[in-house]
Novice: 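Have a look at the structure that comes next, please.
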Amino acid sequence: MTAPPPDRTAASATATAPSPRAHDEPLATSKREAPGPLEANAEREEAIERKGAPAPSAGARSPQEALEPPPTEADEPPSDESPSAVWDRRYAAHPLSHQDAWLTGWQHRLPGVRRALDIGCGDGWETAALLELGVDVTGIDISAEALARCRRHSPRARHLLADVRAMPMLRDGEFDLAVAQLSLHYFDREDTRRALCEIARVLAPEGKLIGCVNAEDDWHYGAPDDASSWALTPVDGVAKQFFTRAKLEEVLTACFEIEHLDKRTLSRYGRPKSVWEFFCRRKRDHGEMDALPSPALDA
């Protein structure tokens with residue numbers, strides 16, 4: 001499901017990944033503090049000073065800023081095109097992200113992690129980083145083209161075509177860690193809760209979830225003037241969710257205990273990207289949602 005430059009796959013920074021570790025050795029504890037918000041981009045600060053003036057246009061971009069060409073009419077999917085087909089087409093056309101070391105800032109939170117789920121594995125940067133740390137990794141994506149890319153980068157991982165809202169092929173409590181780097185902001189309230197509770201199901205008791213999602217002021221990438229509702233916003237042919245703190249807390253606390261939630265500005269596609277970044281633990285007795293029909297992969 002994502003797009004304008006798309007933002008579903010792993011982001012990582014310039015730090016060098018640690019040397020591979022023995023398969024059964026827990027991740028080393030780092031002394032780094034939990035990552036906090038980076039300096040806000042100038043456009044957001046200026047808009048605040050203007051006290052409500054319109055946010056910068058999501059389409060404004062300079063040639064040197066753009067990681068990929070501006071969307072064209074050919075990029076717009078037919079009205080009946082499935083999310084899987086949208087992402088297959090986009091991955092086949094060009095790379096959707098570049099590598100940076102996003103996960104390195106969380107290593108101090110991951111002692112003992114041996115089995116991890118990379119949700120929306122895309123180009124495979126998070127999968128590769130986790131494998132370098134000696135973790136068994138399963139990458140899931142709705143795009144077969146994305147899985148093919150991730151498999152080329154990381155053949156030692158397990159790769160599954162799956163929708164995070166329904167993962168019957170994965171066992172209860174199968175993972176110590178789930179990573180969702182820019183892959184959970186494509187749903188309305190009900191499906192966001194469904195996805196998070198399905199993630200909680202496949203995590204061991206007190207298993208960890210690390211992720212980030214579009215923030216309400218992610219203006220370079222399509223944020224609406226008012227993101228307080230759960231209405232999805234079409235951005236270059238893909239429906240996106242933009243989160244306020246209140247919306248994100250509402251859905252996370254259904255199945256998780258929030259230990260870290262903060263606003264950050266990432267430099268991912270050549271322009272500042274505003275995100276909410278979170279670290280959570282699965283509740284021991286997380287309330288299961290009422291039985292809901294499982295979404296079809298190509299629905």
Novice: Does the Cys255 SG fall under 2.5 Å from that of Cys197?
Specialist: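 The answer is yes, since Cys255 and Cys197 bring their SG atoms under 2.5 Å apart.
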Novice: Between Ser228 and Asp226, is any side-chain donor less than 3.5 angstrom from a side-chain acceptor?
Specialist: yes
Novice: Locate the shortest heavy-atom distance separating Thr233 from Pro224; write the atom from each residue and the value.
Specialist: OG1-CG, 3.6 Å
Novice: Do the side chains of Asp218 and Lys240 get nearer than 4.5 Å, heavy atoms only?
Specialist: no
Novice: For residues Tyr221 and Leu232: do they belong to one hydrophobic cluster (side chain heavy atoms under 4.5 Å, members Ile, Leu, Val, Met, Phe, Trp, Tyr)?
Specialist: no
Novice: Kindly say whether Phe242 contributes a backbone atom to a donor-acceptor pair with the side chain of Lys247 at under 3.5 angstrom?
Specialist: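 Side chain of Lys247 to backbone of Phe242, a donor-acceptor pair under 3.5 Å: yes, one is there.
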Novice: Do you know which of Arg189, Arg245, Arg193 makes side-chain hydrogen bond (donor to acceptor under 3.5 Å, both in side chains) with Glu250?
Specialist: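 Checked Arg189, Arg245, Arg193 against Glu250; only one passes side-chain hydrogen bond (donor to acceptor under 3.5 Å, both in side chains): Arg189.
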Novice: Could you tell me which residues satisfy side chain to side chain donor-acceptor pair (under 3.5 Å) with Arg151, sequence neighbours excluded, listed by chain and number?
Specialist: none
Novice: Within the structure provided, determine whether Ile258 and Glu249 are in side-chain contact (heavy-atom separation under 4.5 Å).
Specialist: yes
Novice: Is Arg114 salt-bridged to Asp176, going by a charged N under 4.0 Å from an acidic O?
Specialist: no
Novice: What I want to find out is whether Arg201 reaches Asp172 closely enough, with some N-O distance under 4.0 Å, to be called a salt bridge.
Specialist: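 So Arg201 pairs with Asp172 through a salt bridge.
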Novice: How far does CG of Leu209 sit from CG of Leu184, to the nearest 0.5 angstrom?
Specialist: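 One finds 7.0 Å between CG of Leu209 and CG of Leu184.
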Novice: Can Asp217 and Lys263 be counted as an ion pair, charged N to O under 4.0 angstrom?
Specialist: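 Looking at Lys263 together with Asp217, the answer is yes, because their closest N to O distance falls below 4.0 Å.
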Novice: Picking from Arg281, Arg284, Arg282, what satisfies salt bridge (charged side-chain N to carboxylate O under 4.0 Å, His left out) with Glu206?
Specialist: Arg284
Novice: Please report the C-alpha distance between Lys208 and Phe279 in whole Å, then the side-chain angles of each, then the deciding distance to 0.1 Å, and finally whether the side chain to side chain contact (heavy atoms under 4.5 Å, CB included) criterion is met.
Specialist: CA-CA 7 Å; Lys208 307 169 182 70; Phe279 176 91; 3.9 Å; yes
Novice: So that I can tick it off, tell me whether Arg194 and Glu198 are bridged by a salt bridge, with the cut-off set at under 4.0 angstrom between side-chain N and carboxylate O.
Specialist: no
Novice: For the residue pair Leu182 and Lys273, establish whether any side-chain heavy-atom pair is separated by less than 4.5 Å.
Specialist: yes
Novice: Which heavy atom in Leu196 sits nearest to a heavy atom in Phe256, and how many Å separate them?
Specialist: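 Looks like O-CE1, 3.4 Å.
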Novice: Under the rule for salt bridge (charged side-chain N to carboxylate O under 4.0 Å, His left out), what residues qualify as partners of Glu257, not counting sequence neighbours?
Specialist: none
Novice: Is the shortest side-chain heavy-atom distance between Val251 and Trp230 below 4.5 Å?
Specialist: yes
Novice: If you compare all heavy atoms of Leu161 against all heavy atoms of Met169, which two are closest, and at what distance to 0.1 Å?
Specialist: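 Smallest heavy-atom distance, with atoms named: O-CE, 4.3 Å.
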